There are 2 protein chains.
Amino acid sequence: MGTARKEKAEQTQAALKDAARRQFLERGYLNTKITDITAAAGRATGVFYDHFASKEALLQALLADMYEQGDAAIAAHGHGAAGDGDGNGEVEVDGRDHDLTDRAQLRAHLAVGWQTMSANLPVVAALHEEAVAAGPSSGRAWRQLTEGTEAFRDHLAALSARGHGLPGAPELVGAAMGAVLSALAYALLPLPGRPYSDDEVLDTLTDLLLNGIAGPDAG
Amino acid sequence: MGTARKEKAEQTQAALKDAARRQFLERGYLNTKITDITAAAGRATGVFYDHFASKEALLQALLADMYEQGDAAIAAHGHGAAGDGDGNGEVEVDGRDHDLTDRAQLRAHLAVGWQTMSANLPVVAALHEEAVAAGPSSGRAWRQLTEGTEAFRDHLAALSARGHGLPGAPELVGAAMGAVLSALAYALLPLPGRPYSDDEVLDTLTDLLLNGIAGPDAG
DNA sequence: GTCTATACGCGGATAGAC
DNA sequence: GTCTATCCGCGTATAGAC
């Protein structure tokens with residue numbers, strides 16, 4: 001049991017992180033001032049800098065926390081990291097692993113991404129705001145899209161290698177899939193009275209991405 | 001011909017708007033300071049306020065310009081406004097108007113949206129930044145998504161009314177379609193060395209949204 | 001109509017007491 | 001370790017000369 005000083009410091013740091021998450025969600029990351037965080041944590045302004053060098057550094061710390069608990073949750077299971085657009089838990093249904101043309105597996109993949117974002121909405125949303133604030137020409141939007149969808153891309157590439165025709169380049173299709181997922185998450189999850197349930201969204205996305213608007217009997 | 005004073009004022013205003021568009025694209029809307037705009041326009045700082053009340057007001061003016069030239073371009077043609085996610089020109093191919101299950105028509109709809117965004121990237125991107133800066137809980141992301149995809153939603157609803165099965169609620173599916181379109185536009189269009197051509201992106205999106213990753217012979 | 005000069009407020013960041 | 005008090009830089013917005 002670490003005594004007094006260190007313990008209290010960790011307590012304060014946790015309070016700051018917690019307050020930050022709340023503020024990021026309510027006011028938005030960009031609009032949140034250092035003083036908003038310290039005030040919400042019930043501490044004085046100056047304390048912030050005893051724990052974090054800047055608001056960006058704090059966000060990185062929150063991101064690290066998210067990975068840590070994400071990795072812990074995955075641990076013994078499948079592959080992949082708990083990234084933005086994907087990050088998978090256990091997803092094996094029948095013979096072929098990670099076959100995205102199998103409805104159950106596709107849905108499972110989407111669900112993991114959705115749940116990750118749902119559980120870490122303040123951090124995910126903050127990262128999104130940060131990327132947008134970097135401006136269009138920074139290229140961060142595209143980078144974020146491609147980095148967050150490695151799993152999709154890999155599975156699609158495998159599919160393609162197996163001879164399955166895709167709508168386009170695996171990277172591009174994967175980015176498109178990640179884009180819908182994260183755009184809808186960012187738009188819907190924070191809403192007060194949610195118009196669509198998680199299941200409804202996931203079912204819709206699964207069917208749309210699997211068979212398109214034409215539906216299963218297109219050929 | 002308006003004499004001297006008025007003419008010069010319009011010239012200055014145009015210079016400010018033009019400089020703003022350039023700056024918004026390069027630095028991003030949020031990062032652009034009033035002084036960046038006036039400097040890029042080769043004018044003094046103070047002039048800005050003789051023409052616009054604020055940066056937000058300027059953006060609204062740019063948006064109005066966009067609509068104006070958009071409406072002019074459409075004019076005698078089809079329906080719809082030149083909004084974010086859609087806004088259509090002429091799209092009739094065979095019997096059924098606006099049948100999104102027809103590949104050519106779907107592609108045409110997507111193309112109009114893509115081209116609108118391409119042609120007005122600084123404004124569209126700025127609006128996006130503004131919406132994101134409003135924070136997650138503002139609900140602006142969802143509003144923007146639904147408002148920008150009225151055309152999609154209506155066409156999907158019509159399809160549904162005709163007895164065609166959809167992946168989900170027309171509003172939700174339409175939002176998803178608009179989301180991919182604008183997310184990819186925002187991510188790809190500003191890139192210096194574009195990895196994918198317009199046609200490549202449009203073909204991929206068309207096939208993905210029409211038949212999904214399973215492809216046409218799914219049944 | 002446009003310029004230069006300046007005042008104002010806000011938020012980030014630090015110093016030093018407790 | 002945490003607090004109070006304060007400084008400083010930046011960007012907005014205005015006032016008044018030209």
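To find a chain, count down the sequence lines: A is the first, B the second, and so on, and within it residues start at 1. Side chains included, hydrogens not; waters and symmetry mates left out as well; all remaining heavy atoms used. Source: prediction; values computed, not measured.
At whole-Å resolution of the value, CD1 in B/I34 and P in C/dG9 are 19 Å apart. The CG atom of A/L30 sits 19 Å away from the P atom of C/dC10 (whole-angstrom rounding). The CD-P distance, from A/E10 to D/dG1, rounds to 10 Å in whole Å. Distance CG (B/N31) to P (D/dC10): 15 Å, rounded to an integer number of Å. Atom-to-atom, CD1 of A/I37 to C1' of C/dG11 comes out at 12 Å; the value is rounded to the nearest Å. One can place OH of A/Y29 at 14 Å from C1' of C/dG11, the figure rounded to the nearest angstrom. A straight line from CZ of A/F52 to P of D/dG1 spans 14 Å, rounded to a whole angstrom. What separates CG of A/L16 from P of D/dT2 is a distance of 8 Å, to the nearest Å.
Among the protein residues, B/S54 comes within range of no part of the nucleic acid, since none of its heavy atoms lies under 4.0 Å from any strand.
For A/H51, the side-chain atoms get nearest to D/dT2 when compared with the rest of D/dT12, C/dT2, D/dT2. Out of C/dG12, D/dT12, C/dT2, the shortest distance to the side chain of A/Y49 is found at C/dG12. Of the listed nucleotides (D/dT12, C/dT2, D/dG1), C/dT2 has the atom at the smallest distance from the side chain of B/D50. Counting only heavy atoms from C-beta on, A/A44 has its side chain closest to D/dC3 among C/dT2, C/dT14, D/dC3. Listed candidates were D/dT12, C/dT2, C/dG12. Nearest to the side chain of A/K33 is C/dG12. Across C/dC3, D/dT12, C/dA13, the shortest atom-to-atom separation from the side chain of A/T45 is found for C/dA13.
Between B/H98 and B/H155, the two ring planes are parallel [angle under 30°; tilted spans 30° to 60°].
When side chains are defined from C-beta on, A/L110 counts as touching A/F152, because their heavy atoms get closer than 4.5 Å. Inter-residue side-chain proximity for A/N31 and A/E129 is flagged as unmet; no heavy-atom pair is nearer than 4.5 Å.
Between A/R107 and A/D207, no side-chain nitrogen of the basic residue sits less than 4.0 Å from a carboxylate oxygen of the acidic one, so the salt-bridge criterion is not met.
With respect to A/T12, the side chain to side chain donor-acceptor pair (under 3.5 Å) criterion is satisfied by exactly one of A/R43, A/K17, A/E7: A/R43.
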